[in-house]
Amino acid sequence: MNPSNTNRSGTSVSLVQIVIGGILIIAGGFFIGTLTPNIVPVEGSAEAQQVDGLFRFMLVIGAAIFLLVNGVLAVSIIRFRARANDYSDGPPIQGNTTLEFVWTLIPAIIVTVLTLYAYSVWNNITSVKPNEQVVDVTGQRFAWTFTYDVTEADLGDLGVAREQLSEDVNASFVDGGALTFNYPQLATWVGKPVHVQLHTQDVNHAFWIPGMRIKQDLLAGRVTDIRFTPIEAGVYRIVCAELCGSGHGDMAGTVDANGNLRGAWLIVYEDEETYMREFYRPEAQNVLFPPEDPVALGRQILAAGSYPCASCHVLSDLGWQGNVGPNLDDIGNRAATRRGGFTAEEYLANSIRHPGEYVVPGYGNLMPQFNPDPALTNYMPDDHLNAIVAYLLTQQAG
Ligand code: HEC
Ligand SMILES: [Cu+2]
């Protein structure tokens with residue numbers, strides 16, 4: 001009697017039954033694998049297709065193993081249950097070389113194939129693509145900032161010659177020879193390979209765009225990076241996937257009651273032309289020709305999201321909804337009387353340069369210090385500070 005294919009009640013399992021069972025299990029695995037599109041978000045990038053392909057492959061294998069294990073379990077419970085008055089022991093089985101060989105070989109093959117497949121997907125995702133759009137992403141408690149380069153060629157496109165730019169503009173926006181501008185959202189177009197370089201100003205964060213299937217940690221003191229190529233126009237949520245403090249939840253893009261996008265989102269335009277017309281040119285123009293009026297300038301600087309204020313403060317004029325710090329809607333009314341010996345301007349400037357010196361009662365000392373020194377994190381030049389103060393003083397709601 002061969003114990004491997006004879007059950008306790010003496011009926012044997014034929015090869016045909018094993019083959020039919022095997023086919024059913026694998027077919028079941030494929031059926032469950034086809035459900036993937038229903039349980040994952042839209043595939044917004046070429047990488048998403050690859051990642052989902054790998055996921056589906058693992059799901060088919062996992063589902064087949066699930067059906068095998070639970071199928072055998074169900075059959076065993078029914079067919080080999082203890083009958084009334086049967087107190088006998090089962091047959092004493094000792095080793096089965098063929099069986100052990102098979103159940104070692106199959107998992108070894110599966111793991112090897114998965115390793116090679118996953119490695120090739122990772123290789124594709126991380127490889128350098130031609131004509132990449134490079135965007136610097138800065139994460140800090142509790143906001144994302146996206147920095148775009150304005151190249152010499154773009155300047156021509158915008159109808160500006162470099163020499164035409166005023167001394168002022170050069171002084172505030174040229175950094176290492178390149179013109180850059182910040183924006184609170186990431187924008188690109190279908191088919192454009194994007195290379196994001198990730199910097200953190202404080203603790204570790206993680207940059208996650210579920211629709212693109214990319215997620216990469218930001219590590220203090222290091223620059224990390226990730227690549228993706230969008231294939232579907234639309235707006236996609238950007239999320240921080242590393243618990244980074246009390247405002248962590250504010251590092252995810254949200255939609256307010258009026259349907260407006262708040263916080264960080266990825267916007268994928270249909271083509272380069274639409275991207276240039278609707279996003280790039282207006283934003284670059286704003287930066288190249290900042291308003292002369294300090295109030296308008298302060299508003300523009302804050303609206304660009306260069307500083308992470310939005311995630312900690314409410315300011316209805318700009319759609320800010322953070323609640324880590326005081327509401328700034330009426331800051332213009334109380335700035336002059338907050339602190340003895342300080343004018344409204346001095347108080348606001350000091351709140352931004354040295355927030356720890358006077359902590360508003362009822363709040364934690366959580367606000368970062370914005371420094372006049374470019375070598376320090378959270379650099380804020382004096383002209384930005386003055387414009388922001390001028391603008392905040394006009395906020396006198398209620
Ligand atoms: C990490 C959260 C955080 C960020 C980012 C942040 N703040 Fe604050 N802010 C606070 C908190 C908390 C307080 C109250 C405690 C204190 O006074 O330091 C505060 C206080 C203030 C005050 C004084 C408010 C009052 O009622 O007297 C001003 C003005 C202010 N912040 C402006 C800004 C501006 C402008 C920015 C961006 C450049 C900014 N904050 C960024 C958390 C933040
Ligand atoms: Cu974070």
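Computed from a prediction, not measured in an experiment: that's the story for all the values here. Just follow the structure's listing: the first ligand is 1, and inside any ligand the first atom is 1.
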Do [X] and [Y] have side chains that approach each other closer than 4.5 Å (heavy atoms only, starting at C-beta)?
X: Met380; Y: Asn371; result: no
X: Glu270; Y: Trp189; result: no
X: Phe207; Y: Leu186; result: yes

| said: I'd like to know: is atom 8 (Fe) of ligand 1 within the 2.8 Å range of an N/O/S atom from His313, strictly under that distance? | reply: yes
| task | Could you name the option among Pro355, Pro326, Cys309 that has the heavy atom nearest to atom 13 (C) of ligand 1? | result | Pro326
Which atoms of ligand 1 are found less than 4.0 Å from any heavy atom of [X]?
X: Arg338; answer: 25 (C), 26 (O), 27 (O)
X: Ile352; answer: 35 (C)
X: Pro308; answer: 5 (C)
X: Leu348; answer: 29 (C)

| Near Glu100 CD, under 6.0 Å, is it more than 12 heavy atoms from other residues, nucleotides or ligands? | yes
Select one of side chain, backbone, both or neither to describe which atoms of [X] lie under 4.0 Å from any atom of ligand 1, heavy atoms only.
X: Ser311; value: neither
X: Arg141; value: backbone
X: Tyr358; value: backbone

| Does the gap between the ring centers of Phe279 and Tyr148 come in under 6.0 Å? | yes
| Short N-O contact, Arg227 and Glu132, less than 4.0 angstrom | yes
| What atom name does the N, O or S atom of His205 nearest to the Cu ion (ligand 2) carry? | ND1
